[in-house]
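In this text the structure is predicted, and so the values were computed from the model without any measurement.
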Amino acid sequence: QVQLVESGGGLVQAAGSLRISCAFSGRTFTDYAMAWFRQAPGKERAFVAAIAYRGGKTRYADSVKGRFTIVRDNAKSTLYLEMNSLSPEDTAVYYCAAPRPYYTPINYRPEGMDYWGKGTLVTVTS
């Protein structure tokens, strides 16, 4: 069974940077597309970024494009989200997720993900 464990969240000032991680275990990492979602207080869980299971094709939500970078380290079975130019609007719990193996979704929606981590809280102060 796939297990996902996020880490690296914390408190950061506006305009700052942070990198969060997701450790993958239980199956072959390279067989899975990977994604980050986030959920702000009182809001629905929303797509942030994703990376295909083959190669490095990436996708981003418009709200983070140019500021966030999703990276996968296949040797370490770890997914990263590098976040720059953070603003208080980026405050949320960030979740790592994966769909079924050998599948890269056309659209990444929470209901289309099969595996989830428990999340890591990122708080951006003004």
Side-chain angles (χ1 to χ4, degrees):
Q1 182 74 305
V2 170
Q3 292 185 328
L4 304 172
V5 179
E6 301 94 337
S7 62
L11 197 66
V12 61
Q13 288 188 331
S17 299
L18 192 68
R19 186 179 79 164
I20 57 177
S21 304
C22 172
F24 176 104
S25 63
R27 290 292 185 270
T28 302
F29 183 57
T30 51
D31 292 342
Y32 293 81
M34 298 295 299
W36 288 100
F37 288 77
R38 67 185 181 185
Q39 188 163 17
K43 295 188 177 181
E44 295 185 349
R45 196 167 297 190
F47 169 73
V48 175
I51 188 164
Y53 79 95
R54 286 192 181 277
K57 188 171 183 179
T58 57
R59 297 185 61 181
Y60 296 93
D62 288 342
S63 59
V64 307
K65 205 171 290 184
R67 300 188 299 123
F68 289 12
T69 303
I70 187 170
V71 178
R72 66 187 303 158
D73 185 334
N74 292 333
K76 294 183 178 180
S77 296
T78 301
L79 181 74
Y80 301 98
L81 185 67
E82 299 173 346
M83 304 181 288
N84 298 308
S85 302
L86 285 161
S87 72
E89 289 70 34
D90 295 314
T91 294
V93 177
Y94 283 73
Y95 296 92
C96 177
R100 65 182 186 272
Y102 314 115
Y103 174 60
T104 298
I106 295 174
N107 294 301
Y108 285 82
R109 289 185 284 264
E111 57 269 27
M113 300 295 105
D114 289 282
Y115 306 101
W116 290 92
K118 293 184 178 181
T120 187
L121 176 63
V122 174
T123 303
V124 184
T125 60
S126 57

Would you find a donor on one side and an acceptor on the other, under 3.5 Å apart, between the side chain of Asp73 and the backbone of Thr78?
no
Which heavy atom of Ser17 sits nearest a heavy atom of Asn84, and at what distance?
OG-OD1, 2.8 Å
How close do Tyr60 and Ile70 get, heavy atom to heavy atom, and via which atoms?
OH-N, 2.9 Å
Group every Ile, Leu, Val, Met, Phe, Trp and Tyr by side-chain heavy-atom contacts under 4.5 Å, then state whether Met113 and Val48 land in the same group.
no
Are Leu81 and Val122 co-members of a hydrophobic cluster defined by side-chain heavy atoms under 4.5 Å apart?
yes
Counting only pairs under 3.5 Å, give me each side-chain donor-acceptor contact of residues 25-40, with atom names and distances, residues two or more places apart or in other chains.
unit_1: Asp31; atom_1: OD2; unit_2: Tyr102; atom_2: OH; d: 3.2
unit_1: Trp36; atom_1: NE1; unit_2: Tyr80; atom_2: O; d: 3.3
unit_1: Arg38; atom_1: NH1; unit_2: Asp90; atom_2: OD1; d: 2.9
unit_1: Arg38; atom_1: NH1; unit_2: Tyr94; atom_2: OH; d: 2.9
unit_1: Gln39; atom_1: OE1; unit_2: Arg45; atom_2: NE; d: 3.3
unit_1: Gln39; atom_1: OE1; unit_2: Arg45; atom_2: NH2; d: 3.4
unit_1: Gln39; atom_1: NE2; unit_2: Lys43; atom_2: O; d: 3.1

Considering residues at least two apart in sequence or located in another chain, which fulfil the salt bridge (Lys or Arg N to Asp or Glu O under 4.0 Å) criterion with Glu111?
Arg109
Please check if Val93 and Trp116 belong to a single hydrophobic cluster, counting links between Ile, Leu, Val, Met, Phe, Trp and Tyr side chain heavy atoms closer than 4.5 Å.
yes
Mind checking whether Ile51 and Tyr108 sit in one hydrophobic cluster, side chains of I, L, V, M, F, W, Y counted as touching below 4.5 Å?
no
For Asp62 and Lys65, which heavy atoms make the closest approach, and how far apart are they?
OD1-NZ, 3.1 Å
With a cut-off of 3.5 Å and sequence neighbours excluded, list every side-chain donor-acceptor pair involving residues 3-14.
unit_1: Glu6; atom_1: OE1; unit_2: Lys118; atom_2: N; d: 3.0
unit_1: Glu6; atom_1: OE1; unit_2: Gly119; atom_2: N; d: 2.9
unit_1: Glu6; atom_1: OE2; unit_2: Cys96; atom_2: N; d: 2.8
unit_1: Glu6; atom_1: OE2; unit_2: Gly119; atom_2: N; d: 3.2

Joint cluster assignment, Ile20 & Val64, ILVMFWY side-chain distance < 4.5 Å
yes
